[in-house]
Each structure stands twice: as structure tokens, then as C-alpha cells.
Amino acid sequence: MTVRVRVAPSPTGNLHVGTARAALYNWLYARHTGGTFIVRVDDTDVARSTPEFESNILASLRWLGLDWDEGVEIGGSHGDYRQSSRFDRYRQVAHQLVAEGAAYFDDRSSDELDILRTRAQQEGKHPGHYIRPPDEPRSEGVIRFAANQAVEFQDLIRGDMRFDGDSIDDFVILRSDGTPTYHLASTVDDVDYGITHVARGEDLLSSTPKHILITRAMSVEPPVYAHLPLLFGADGKKLSKRHGATAVDEFRQMGFLPDAMVNYLALLGWSPGDDLTVFDRQLAVDRFDLSDVQKNPAVFDLDKLTWLNGEYIRAMDPAEFAAEVRPLVEDAVGSLTDEKWAAFEALAPLVQERTKLLPEAADQARFLYVDDLEYDEQSWNKVMDREGVSEVLDASLAALTALDEWDTESIEATLRRLPDRLERGAGKVFQPIRVAVTGSSVSPPLFESVAALGRNPSLERLREARRRL
RNA sequence: GGCCCCGUCGUCCAGCGGUCUAGGACGCCGGCCUUUCAAGCCGGUAACGCGGGUUCGAAUCCCGUCGGGGCUACCA
């Protein structure tokens with residue numbers, strides 16, 4: 001049997017990391033088994049779904065490198081993968097289920113149902129126990145599925161699962177406006193598209209018996225289910241906006257790399273074994289199996305993601321790194337000629353080592369391109385506001401002015417002589433020069449920075465700092 | 001309230017009856033390196049929620065308990 005899996009985001013928000021992880025696990029499973037990965041858009045909630053969210057979701061999946069074999073943009077033999085274009089089909093199934101006695105119309109008011117629910121709660125019973133067919137058959141209203149039977153199934157991750165008949169309520173499958181609910185649409189699609197494995201968040205575990213019931217009523221064998229552990233925030237609650245960034249797009253904007261993101265997400269609930277933490281997606285594809293996924297929820301840890309991102313940045317080819325950083329620098333200081341950009345490229349490997357998030361690299365490059373250097377106030381106070389700094393700046397200015405060659409080696413050789421001559425510690429000499437040239441006591445290595453900045457700008461900055469003392 | 005899931009360092013993951021005085025990673029704390037910051041290297045901190053069983057032997061199996069979480073819509 002060929003594996004067919006899917007991810008089915010609702011376009012009611014940007015791609016959430018939880019959905020992204022579900023997508024990743026489905027993708028890994030498809031790639032591992034040589035199966036098919038499908039992207040379907042669950043937009044039955046017409047009011048809250050938007051085309052913008054849909055594009056964001058698809059773009060984020062692309063960005064992560066989770067390519068799909070069938071889905072919204074591709075179309076193909078299975079029709080449109082957007083649920084809003086299949087409402088007729090869902091309606092047809094709903095009515096057929098009514099005709100077969102598996103579902104029924106219900107036009108009771110929500111007040112009426114609320115009373116039933118409240119009473120059930122007070123009696124300590126599941127509300128579903130009370131929401132059963134009305135005494136007299138109706139011919140309008142919503143369509144409910146008659147769910148009065150126990151359901152057992154094997155969850156690939158959680159094992160034996162059993163739900164009693166009276167714990168499953170007669171849930172709505174078709175709203176009174178004729179649109180399908182999630183339960184119906186999702187299930188019908190899984191059937192129609194021949195989905196073999198449904199790997200989704202654990203929040204849907206208690207809805208699964210409903211989906212199995214619908215599937216059986218359609219005379220089809222249900223797919224295998226695998227309920228993934230939820231992603232939590234630091235407070236142990238389901239990850240949501242109040243925990244900070246939750247959309248993949250936000251992480252992209254913060255400067256995370258897709259490979260780091262995928263690596264990190266893969267680790268949230270699964271591991272390739274051998275104590276491996278950093279691994280590429282091929283290794284994950286080779287080793288992934290849904291049944292190895294962890295049962296307990298995982299807390300999303302931005303610190304670890306950030307560390308991992310640093311690992312990936314350091315592993316980049318320096319030219320590739322520079323190319324990623326360039327637009328960020330240009331956003332900050334305006335567009336640069338290739339000639340001017342060469343200054344950064346010279347420094348790139350040193351900056352790369354010091355970067356965990358792409359924008360940090362742009363900050364480190366800033367001193368190369370601004371006309372009026374802003375001095376970091378803390379740095380200035382700590383380093384420049386002390387005795388003897390004027391001598392240091394004068395001496396370095398003199399020494400550098402006399403230099404014939406403006407390269408790292410010559411600059412280093414010249415400046416290295418200063419501490420002895422001035423009878424001061426190396427730090428006391430180099431830190432003022434650093435602040436003068438880069439504006440901060442934290443910067444890429446000094447000699448390389450001075451070399452990259454160039455002769456005249458460097459000398460001018462030393463003079464400017466001297467004036468400001 | 002009801003139904004369901006989960007429970008190994010602060011966090012992520014390894015462990016699937018003996019090799020566990022519990023391993024790796026992030027974080028944190030020291031140290032080395034060093035002109036700053038990083039990176040790198042070395043070392044340290046820290047966990048099987050609790051109580052019963054089963055067994056010669058349990059982090060690993062069973063039961064209970066406590067704790068956490070999810071669902072309980074004409075949202076998905």
C-alpha cells in the first residue's frame with residue numbers, strides 16, 4: 001500500500017509552528033516511505049478564511065522546503081484541494097447519510113440544546129449523551145451524525161484507543177446554511193483522496209472517533225491515525241500568540257534559517273537516535289517513522305532554536321552567508337555598490353562566527369557603511385572616558401598614518417607595537433581604537449575591521465574620536 | 001463537571017526488564033584561549049512525581065494516586 005499523507009491547514013491565520021511541525025512529520029513520513037505528500041486547504045470556515053493567510057501558509061511551507069506532490073497549487077486528478085470548492089460533495093454525502101439513517105436533521109434552537117447540555121453537565125454526564133435525535137423527525141436545520149456507538153482504534157503513537165458510545169455526541173456535520181463542518185469535510189476529503197495515514201495534533205484525538213464513524217458510514221476503512229504531541233509555551237499551555245512568535249513567517253523575519261527551523265521542529269517530539277542533535281533533512285528522512293514519535297508534549301524553546309540557528313549559520317559557505325546578509329545591510333544603510341560590499345565580504349567569515357540570527361550580522365557590518373558613526377554610549381563611557389585614551393588615539397593615529405600598506409598584517413604589526421611603547425596593557429590600547437573605529441566595544445576582530453573599513457575612514461574616525469574626548 | 005491524553009535534568013531528546021552510581025543537546029555556573037564579543041576546548045550543576053504491586057532484578061510491565069494538558073461550538 002502506498003502511503004498518502006496530508007497536512008490540512010486552515011487559512012485562518014499564518015502558518016503556525018505547530019502546523020509546520022505536523023506538516024514536517026507528514027512530509028518526512030511520505031519521503032521515508034516513498035509515499036505522497038498532499039497539501040489541502042481546510043477553509044470550511046468561510047468567514048475566517050482569507051486568501052492572504054492561504055498564501056502565507058503555502059509560502060511558509062515552501063520556505064521550509066516541504067515540497068508537496070499534490071495540493072492546492074498543483075491541482076491534478078483529484079480535483080481542487082481547497083475545501084471551499086467541494087461544498088457540493090460534502091452536502092451530497094451529508095444527505096446520503098440522512099437517507100441511510102446514519103444522520104438526521106435537527107432544527108432545535110441553540111437555547112433548547114443549551115438546556116440539554118446544562119442538565120447533562122449537572123448530572124455529571126457527557127452532553128453528547130443528551131443530544132440525540134428529536135422525537136419527531138425534522139426536515140430542515142443542521143444535519144447531525146447519529147453517533148450512538150463505541151469506537152475503538154489503534155493510534156500509531158498512542159496505541160489502543162477506546163471511546164464509549166455515549167461519550168460521543170451527535171455532532172453537526174452540515175450547518176443550517178448548507179456548509180460542512182470540519183468533521184465532515186475533513187473526513188470526506190481523507191476518504192476521497194485516499195489518505196492512508198492521518199498524522200495531526202493531539203487536540204484532535206477526541207474528534208477521531210467521529211471521523212471514524214463517518215468513514216465507516218461511507219463504507220470505507222478508516223486511515224491509520226497518529227496523534228502528535230502538542231507544542232507548549234514555557235508555561236505548559238498550548239503554544240499560542242501570547243507566548244511570542246508562533247508563525248513560521250515571524251521566525252523567518254527574525255533571521256532564522258529554514259534548515260535550522262526544520263532541524264529544530266523535527267526534534268520536538270522525535271529524535272534520529274545516536275544522540276544526534278544537528279542533522280540534515282536527508283538523515284531525518286532516512287530515519288523517520290511515525291511510530292517513533294514521542295507521546296508527551298514539547299515545550300518550544302527559543303534559546304535552543306537560536307543556538308541551532310547559529311550552528312547552521314556557521315556551517316554556511318561564507319559567500320552564501322554574505323549574500324544572505326547583504327539585503328539586510330542595504331535595508332539599513334541604503335544600496336551598496338559591489339565595490340563597497342567587498343569590505344563586508346572580507347570580514348564575512350569573522351562576522352559569521354559571531355552570528356546566531358541574520359540581522360545581527362547586519363548590525364556588525366553597520367560601521368563599514370555609515371557616514372556618521374554613532375558611538376554606543378555604554379561603550380564610550382566605559383572605554384573612552386578614562387585617562388590616557390588621548391595618548392592612545394594620538395599614537396595609533398600617527399602609527400597608522402605612516403603606514404604604506406593598508407592590510408591586516410601591516411595594521412596588526414604596527415598596532416601591536418603600541419602597548420609596549422605606551423606601557424599599557426593590550427586591552428587598554430586596543431579597546432579605545434575599537435570604539436573609535438567601530439563605535440562599540442563589541443565588534444569583529446580589530447585589525448581586520450580597520451583593514452576592511454579602509455585607510456581614510458579609519459584615520460578620520462580616530463581623529464573624530466580624539467576630538468570628542 | 002464529563003470524555004480523553006501525558007508524566008526521565010529548568011527545557012528538548014536517549015533509555016523499550018539487568019550493561020543506569022541514568023546518556024546527549026540547549027540553558028546556567030566555572031576554567032582555558034583571548035585586544036572586545038563570539039566561536040572552540042575542558043569541567044560542573046541538574047531528572048526517572050508519589051505509593052503499591054509483578055519479578056531474582058524496574059526509569060523500563062500492572063494498578064492506584066497526584067500533577068499537567070487537550071476536547072467538551074452550526075471553530076478547526
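Protein chains get the first letters and strands the later ones, always in sequence-line order, with residue 1 at the start of each. Because only heavy atoms are used, hydrogens play no part in the values below, and waters and symmetry mates are left out as well, while side chains stay in.
- Residue contacts for S110(A): at a heavy-atom cut-off of 4.0 Å it reaches no nucleic acid atom on any strand shown.
- Below the 3.5 angstrom threshold, one finds no donor paired with an acceptor across the side chain of T181(A) and the base of C74(B).
- Here Q294(A) reaches the OP1 or OP2 of A14(B): one of its side-chain N or O atoms lies under 4.0 Å away.
- Residue G310(A) is classed as having no contact, given no heavy-atom separation below 4.0 Å to the nucleic acid.
- Checked against the 6.0 Å centroid threshold, H197(A) and Y29(A) count as a close aromatic pair.
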Footprint string (nucleotides 60-70 of chain B, 5' to 3'): B base within contact, S backbone only, - free, heavy atoms under 4.0 Å: ---------SB
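- Salt-bridge annotation for R468(A) and E464(A): present, with a side-chain N of the basic residue lying under 4.0 Å from a carboxylate O of the acidic one.
- For S176(A), whose side chain is taken as the heavy atoms from C-beta onward, the closest listed nucleotide among C5(B), C74(B), C3(B) is C74(B).
- Across all strands shown, V299(A) has heavy atoms under 4.0 Å from sugar-phosphate atoms exclusively, and none from any base.
- For the residue pair S60(A) and D249(A), no side-chain donor N or O sits within less than 3.5 Å of a side-chain acceptor on the partner.
- In this structure, L184(A) atom CG and A76(B) atom C1' are separated by 14 Å, rounded to whole Å.
- Distances from the side chain of D301(A) to the nucleotides C26(B), C6(B), C74(B) place C26(B) closest.
- Both K210(A) and D160(A) lie close to RNA chain B; mapped to their nearest nucleotides by heavy-atom distance, the more 5′-ward contact belongs to D160(A).
- Closest-nucleotide positions on RNA chain B for L205(A) and L113(A) were compared, and the one nearer the 5' end corresponds to L205(A).
- No donor-acceptor contact under 3.5 Å links the side chain of K295(A) to the base of C6(B).
- Between the OH atom of Y264(A) and the P atom of G27(B) there is a distance of 12 Å, given to the nearest Å.
- Distance L228(A) CG to C13(B) P: 12 Å, rounded to the nearest Å.
- Checked for salt-bridge contact, D42(A) and R82(A) miss the test: no charged N lies under 4.0 Å from a carboxylate O.
- Rounding to whole angstrom units, CG of residue L116(A) and C1' of U72(B) are separated by 15 Å.
- Between D45(A) and R48(A) a salt bridge is recorded (basic side-chain N to carboxylate O distance below 4.0 Å).
- One atom, CD of E112(A), and another, C1' of A73(B), lie 17 Å apart when rounded to the nearest Å.
- Between R287(A) atom CZ and C13(B) atom C1' there is a gap of 14 Å when expressed in whole angstrom units.
- With both pairing distances under 3.5 Å, C56(B) is matched to G18(B) as a Watson-Crick or G-U wobble pair.
- Within a 6.0 Å sphere centred on CZ of R366(A), heavy atoms belonging to other residues, nucleotides or ligands number 12 at most.
- Closest to the side chain of R117(A), out of C12(B), U8(B), A73(B), is A73(B).
- Using N1 to N3 plus N6-O4 or O6-N4 for Watson-Crick, or N1-O2 and O6-N3 for G-U wobble, each under 3.5 Å, C41(B) pairs with G31(B).
- Within the cation-pi definition used here (under 6.0 Å to the ring centroid, within 45° of the axis), R91(A) does not qualify as a partner of F87(A).
- At whole-Å resolution of the value, CG in D170(A) and P in U72(B) are 16 Å apart.
- S85(A) and D80(A) are linked by a side-chain donor-acceptor pair at a separation below 3.5 angstrom, with hydrogens and angles left out of the test.
- Between F171(A) and H183(A), the ring-plane angle classifies as perpendicular under the 30° and 60° cut-offs.
- Of the P atoms belonging to U8(B) and C3(B), the separation is 25 Å, rounded to the nearest Å.
- Ring geometry for Y182(A) against H211(A) counts as perpendicular: the plane angle is over 60°, on a 0 to 90° scale with 30° as the lower cut.
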Quick one: which protein N/O atoms are closer than 3.5 Å to N/O atoms of nucleotides 35-45 of chain B? Pair and distance per line, please.
from: U35(B); atom 1: O2; to: R434(A); atom 2: NH2; distance (Å): 2.1
from: U36(B); atom 1: O4'; to: Q431(A); atom 2: OE1; distance (Å): 3.1
from: U36(B); atom 1: O4'; to: Q431(A); atom 2: NE2; distance (Å): 3.4
from: U36(B); atom 1: O2'; to: S441(A); atom 2: O; distance (Å): 2.8
from: U36(B); atom 1: N1; to: R434(A); atom 2: NH2; distance (Å): 3.3
from: U36(B); atom 1: O2; to: S443(A); atom 2: N; distance (Å): 2.9
from: U36(B); atom 1: O2; to: S443(A); atom 2: O; distance (Å): 3.0
from: U36(B); atom 1: N3; to: R434(A); atom 2: NH1; distance (Å): 3.1
from: U36(B); atom 1: N3; to: S443(A); atom 2: O; distance (Å): 2.9
from: C37(B); atom 1: O2; to: R354(A); atom 2: NE; distance (Å): 2.7
from: C37(B); atom 1: N3; to: R354(A); atom 2: NE; distance (Å): 3.0
from: C37(B); atom 1: N3; to: R354(A); atom 2: NH2; distance (Å): 2.9
from: C37(B); atom 1: N4; to: R354(A); atom 2: NH2; distance (Å): 3.2
from: A38(B); atom 1: O2'; to: E353(A); atom 2: O; distance (Å): 3.1
from: A38(B); atom 1: N1; to: E353(A); atom 2: OE2; distance (Å): 3.1
from: A38(B); atom 1: N3; to: E353(A); atom 2: OE2; distance (Å): 3.4
from: A39(B); atom 1: O3'; to: R314(A); atom 2: NH1; distance (Å): 3.4

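- For C50(B), the paired nucleotide is G64(B), the pair qualifying as Watson-Crick or G-U wobble because both relevant distances are below 3.5 Å.
- One can place CZ of F171(A) at 14 Å from C1' of A76(B), the figure rounded to the nearest angstrom.
- N309(A) and Y264(A) share no side-chain donor-acceptor pair at under 3.5 Å.
- Looking at T208(A) and R200(A), their side chains do bring a donor and an acceptor atom within 3.5 Å of each other.
- Remark: the separation of the C1' atoms in C74(B) and C16(B) is 46 Å, to the nearest Å.
- For C12(B), the OP1/OP2 oxygens have no side-chain nitrogen or oxygen of N296(A) closer than 4.0 Å.
- Using the Watson-Crick or G-U wobble rule with both distances under 3.5 Å, G23(B) pairs with C13(B).
- Look at the C1' atom in both C20(B) and G15(B): the space between them is 9 Å, to the nearest Å.
- Heavy atoms of R144(A) sit under 4.0 angstrom from primed sugar atoms or phosphate atoms, though from no base atom.
- When heavy atoms are screened at a 4.0 angstrom cut-off, H227(A) is found touching no nucleic acid atom at all.
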